[in-house]
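So that we are looking at the same thing, I have put the structure below in structure tokens.
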Amino acid sequence: MPYRRCGKSGIQLPAISLGLWQNFGDIDQKEVFRQTLRTAFDNGITHFDLANNYGPPPGSAEQNFGAILSSDFVGHRDELLLSTKAGYTMWDGPYGDWGSRKYLMASLHQSLKRLKLDYIDIFYHHRPDPQTPLEETMGALSDIVRQGKALYVGLSNYPADLAKKAIAILQDLRCPCLIHQPKYSMLVRNPEDGLLDVLNEEGVGMIAFSPLAQGLLTNKYLKGNIPTESRASKEHFLKSTAITPELITKLSALNEIALQRGQSLAQMAIAWLLKDERLTSVLVGARNSEQLTDSLKSLDNLSFSTVELDQISHILATT
């Protein structure tokens, strides 16, 4: 496993990190996700990413991970870098959502109890709050670090201009922003519109989530069908209407390049992100150990020829 330095900090992250957004809730099979976590660690994945609302139900991913952490990973806490977040709806009433100091403090206390931890390594604000002053949200993050409840803080889903302001506020508070987590893939390239440059200039790391665009950048939809149990079939974070003939043509062309590289489409999609040295890590999800092992094979070929990059750019530019 190659490790990359996170911005200008002393932290190094594995090139591939494991996200627990889905597949680790109470509706999932404990023995399956327990083995996925063990496989990750055995293959050099030291970074596990959570949030207060991961499950389902919300909170169950943290609780399940905490139980496995205190059993299977006893004695390994200091070899792990763990993160969680708050910013989306977590409980009823006016204090269980967005970015107030009240919500962030209360949510982290709940997360630490579920995880059975005294502190978290990285605590993120999960999304911008249009109503709460940025100074309040960043001040809460800074105080959380000063209280010893988190070692570092990060941002997620912040656009470039707002990220720059938030990073500056944290810098003034002497609590540097360690990392930013945006959605980024071959099919969702918003971070290229200024965010990557801002993070690079400010010395902040970046970890990409949804690198496979909710499964679009896999072989599931190459034949134009929508498999049973897929996210598109359940309309779960991916609408079936997104599977258009134009998209299938684009995915098929990308798949041809991947096959020539000796990779699957998913493996090439991960490698394509990691070609940019400004990226610290790519956050993958995994339904089981086999799927995670398949993603890890993307590390076998991270280099792209100029011809390949030109071909990929042309394909992605087509509508």
Worksheet item: Under a 4.5 Å cut-off applied to non-hydrogen side-chain atoms, are Arg4 and Ile207 in contact?
Response: no
Worksheet item: Donor-acceptor pair, Tyr3 side chain versus Gly44 backbone, under 3.5 Å?
Response: yes
Item to complete: Please answer whether the main-chain N or O of Leu115 pairs with a side-chain N or O of Glu62 as donor and acceptor at a distance below 3.5 Å.
Response: no
Discussion item. Is it the case that atom CG in Asp92 sees more than 12 heavy atoms from other parts of the structure closer than 6.0 Å?
Written reply: no
Worksheet item: What residue pairs, at least two apart or across chains, pass side chain to side chain donor-acceptor pair (under 3.5 Å) with a residue in residues 187-197?
Response: Tyr184-Glu192, Arg189-Glu192, Asp197-Arg278
Worksheet item: Would the number of heavy atoms belonging to other residues, nucleotides or ligands and lying under 6.0 Å from NZ of Lys165 be above 12?
Response: no
Item to complete: Mind telling me whether Phe41 and Phe73 have parallel, tilted or perpendicular rings, with 30° and 60° as the class edges?
Response: perpendicular
Discussion item. Between Arg34 and Ile68 (side chain of the first, backbone of the second, donor and acceptor by atom type, cut-off under 3.5 Å), is there such a pair?
Written reply: no
Discussion item. Donor-acceptor check, side chain of Gln291 to backbone of Arg287, threshold 3.5 angstrom: yes or no?
Written reply: yes
Discussion item. Checking the side chain of Asn200 only, and the main-chain atoms of Leu196 only, is there a donor and an acceptor separated by less than 3.5 Å?
Written reply: no
Worksheet item: Would you call the rings of Phe24 and Phe33 parallel, tilted or perpendicular if under 30° counts as parallel and over 60° as perpendicular?
Response: tilted
Discussion item. Quick one: does any side-chain atom of Tyr103 pair with a main-chain N or O of Tyr88 as donor and acceptor, under 3.5 Å?
Written reply: yes
Worksheet item: Does any donor atom in the side chain of Lys85 or Tyr54 lie under 3.5 Å from an acceptor atom in the other side chain?
Response: yes
Worksheet entry | Backbone N/O of Ile315 and side chain of Thr318: donor-acceptor pair under 3.5 Å | yes
Item to complete: Assess the side chains of Gln35 and Ser289: does a donor N or O sit below 3.5 Å from an acceptor N or O?
Response: no
Discussion item. Applying a strict under-4.5 Å side-chain criterion to I, L, V, M, F, W and Y, I'd like to know whether Val284 and Leu217 cluster together.
Written reply: yes
Worksheet item: So, do Trp272 and Leu254 sit near enough that their side-chain heavy atoms are less than 4.5 Å apart?
Response: no
Practice prompt. Evaluate whether atom CD of Gln29 has more than 12 neighbouring non-hydrogen atoms of other residues, nucleotides or ligands under 6.0 angstrom away.
Written response: no
Item to complete: May I ask you to list the residues sharing a hydrophobic cluster with Ile27, side-chain cutoff 4.5 Å, ordered by chain and number?
Response: none
Worksheet item: Do Asn43 and Leu292 come close enough that some side-chain heavy atom pair is under 4.5 Å?
Response: no
Worksheet entry | Any donor-acceptor N/O pair, Thr280 side chain to Met206 backbone, under 3.5 Å | yes
Worksheet item: Is it the case that Ser17 and Asp49 place a side-chain donor and acceptor less than 3.5 Å from each other?
Response: no
Discussion item. For a 4.5 angstrom cut-off between non-hydrogen side-chain atoms, does Ile169 reach Glu135?
Written reply: yes
Discussion item. Is the shortest side-chain heavy-atom distance between Glu202 and Lys164 below 4.5 Å?
Written reply: yes
Practice prompt. Check whether any side-chain heavy atom of Asn219 sits under 4.5 Å from a side-chain heavy atom of Asn255, and report yes or no.
Written response: no
Worksheet entry | Side chain Arg127, main chain Gly87, donor-acceptor under 3.5 Å | yes
Worksheet entry | Arg77 bridged to Asp121 by N-O distance under 4.0 Å | yes
Discussion item. For a quick test of reading the model, state the closest non-hydrogen atom pair linking Asn52 to Ser111 and the distance between them.
Written reply: CB-OG, 3.9 Å
Worksheet item: Any sub-3.5 Å donor-acceptor pair from Gln311's side-chain atoms to Ile257's backbone N or O?
Response: no
Worksheet item: Is a side-chain donor-acceptor pair under 3.5 Å present for Gln267 with Asp294?
Response: yes
Discussion item. Using a 6.0 Å cut-off, check whether atom NE2 of His109 has over 12 heavy atoms from anything other than its own residue.
Written reply: yes
